[in-house]
2 protein chains.
Amino acid sequence: MIRYPSAWLQGVSLGESIACELRLQLIRGTIQPGEILSENRIATDFGTSRSPVREAMKTLANEGVIRLERMGAVVLGLSLEDVEELYDVRFLIESFAQQRLAEGHHDSLFARLQQMIDKMELAVKHQDIVDFSYQDFCFHEAMIKQAGHTRIWHLWKSIHNLVLTVMLITTEEVFSEGEPKLIAVIDKHRKILQGLQSKDAKVIQGVVEEYFADSRNTLHKSLL
Amino acid sequence: MIRYPSAWLQGVSLGESIACELRLQLIRGTIQPGEILSENRIATDFGTSRSPVREAMKTLANEGVIRLERMGAVVLGLSLEDVEELYDVRFLIESFAQQRLAEGHHDSLFARLQQMIDKMELAVKHQDIVDFSYQDFCFHEAMIKQAGHTRIWHLWKSIHNLVLTVMLITTEEVFSEGEPKLIAVIDKHRKILQGLQSKDAKVIQGVVEEYFADSRNTLHKSLL
DNA sequence: GTCAGTATACTTGTATACAAGACATCTATC
DNA sequence: GATAGATGTCTTGTATACAAGTATACTGAC
């Protein structure tokens, strides 16, 4: 089991860093739902003061993986249903964003997306789970950002850490299933890019729907 | 110009309280975009320490009305375009939620919604801007909550303070336009309730679209 | 006048201290 | 034995203290 990539923690504050580490454990289930977390305990665990822990707890509460209460924060975690719901939300955001990209010129975006796809292929070659999931993440984030809709962008920001962490974990699983599955994942991204390049709103909508239908499908199979 | 209703601050922490006060000023434009806010300055302004201010700043940054930087937080505010975009997001969330409500039994919700509509009428009678906007807010929140989708709920929570404050301000404007406009607003909510009671997904979708189309329209007119 | 360098004041991020409140346990009384 | 109450330990929310970094403004040399 992979630890949270230290490369992703470069330059971030202690608070964010703690949030990231905890988030991974909360989603993985290392910290189990129902457990009670106290700021003091976590602070001593991480060898820091309560200040950054407090910041992290607030972040995680906003993301809905814990619930702040009077005495201690209760762990909610992220159930399979929650991940499905996360896909629902991603679908809403991404289909909205991609529809917007049907209009206007976004050639530089397309070039960057292609580059990310290439990097994903390279990551497969080097068995680099971290970079694969990161490029996957960047691919989706780049599209949403390019859509140029401030509010949708904030919506994304409110879940992007959650999404990144889920991607890391699922990518870990997908890597263990062998190369064909990974190539399929890359292919799905190629289809998205082609969809965008078609500039046809209907085509794009179809591709997005297919993408998330397939993702949900994979999620269910990995459950078994 | 109305202050932030103290009734809405009952039992909340200093941090949230400061966030609410600042949010109102940021959206109103009392604090103008481009200004630089410092934790220290705000702390002395509010007569508190930096801790709750810091919490408030983080909240407001998550909402996108300020941007945290190395030295000071720069005010972004909420432009007319931003409010429009906020309606986009609300439309996404609410149409999703209402579609879900097309299935299942939600009679107790309908009863509560009807009660809120009644309270809105009463608020008009008593010229109670605060309660009118609050009931409006609760109406939408109740629907979203009843949809029972954890992630959508969190999306809502990430904007609900923003929405509440915008509602307060716009309600203030609407009240100044006289009673007919207020009755029209109430009527829009009646239509939503009727839509939900029809339990017909297509009808509901139509009603939601109409609701937000009209809201956008009103927004534009209030600009002139 | 211009530019390099330094000093200073202000910024955030983190640590620590303190206070008020909640929960559990233990005790004393009935 | 059961119950009311006191007590002690835990919790969070807020205040304060400290450290490291940054922008600005000033000073001096050229």
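Letters go in sequence order (proteins before strands), and every chain restarts at 1.
One can place CG of B:Asn40 at 17 Å from P of D:dT14, the figure rounded to the nearest angstrom. For the pair A:Leu68 CG and D:dG13 P, the computed distance is 7 Å after rounding to whole Å. Computed from coordinates, the A:Leu14 CG to C:dA15 P distance equals 6 Å when rounded to whole Å. The separation between A:Phe46 atom CZ and C:dT14 atom P is 13 Å, rounded to whole Å. Counting to the nearest Å, the C1' atom of D:dT12 and the CD1 atom of A:Ile66 are 13 Å from each other. Regarding A:Ile18, its CD1 atom lies at a distance of 12 Å from the C1' atom of C:dG13, rounded to whole Å. Straight-line distance from the NZ atom of B:Lys58 to the C1' atom of C:dG13: 12 Å, rounded to whole Å. Atom CD in A:Glu69 sits roughly 12 Å away from atom P in D:dG13 (whole-Å rounding).
B:Ser51 has no side-chain polar atom (N or O) that falls below the 4.0 Å cut-off from OP1 or OP2 of D:dT14. Remark: B:Ser38 is in phosphate contact with C:dT11, judged by side-chain N or O atoms under 4.0 Å from OP1 or OP2. The shortest distance between the side-chain N/O atoms of A:Arg54 and the OP1/OP2 oxygens of D:dG13 is below 4.0 Å.
Legend: residues meeting ring pair (Phe, Tyr, Trp, His ring centres under 6.0 Å) with B:Tyr87, ordered by chain and number and at least two apart, are absent.
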Would you tabulate the side-chain donor-acceptor contacts of residues 40-49 of chain A under 3.5 Å, counting partners in other chains and residues two or more places apart, or write 'none'?
from: A:Thr44; atom 1: OG1; to: A:Asn40; atom 2: O; distance (Å): 3.3
from: A:Thr44; atom 1: OG1; to: A:Arg41; atom 2: O; distance (Å): 2.7
from: A:Ser49; atom 1: OG; to: A:Ser51; atom 2: N; distance (Å): 3.3

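No N or O donor and acceptor, one from the side chain of B:Arg70 and one from the base of C:dG13, sit under 3.5 Å apart.
Along DNA chain C, the nucleotide nearest A:Met71 and the nucleotide nearest A:Glu16 are compared for position; the residue whose nucleotide lies closer to the 5' end is A:Glu16.
By the 4.0 Å N-to-carboxylate-O rule, B:Glu172 lies close enough to B:Arg28 to be salt-bridged with it.
Aromatic pair B:His160/B:His140: ring centres not closer than 6.0 Å. Taking the six-membered ring for Trp and the full ring otherwise, the centers of B:Trp153 and B:Phe96 sit at least 6.0 Å from each other.
Taking the side chain of B:Glu55 as heavy atoms from C-beta on, and the options C:dT16, D:dT14, D:dG13, the nearest nucleotide is D:dT14.
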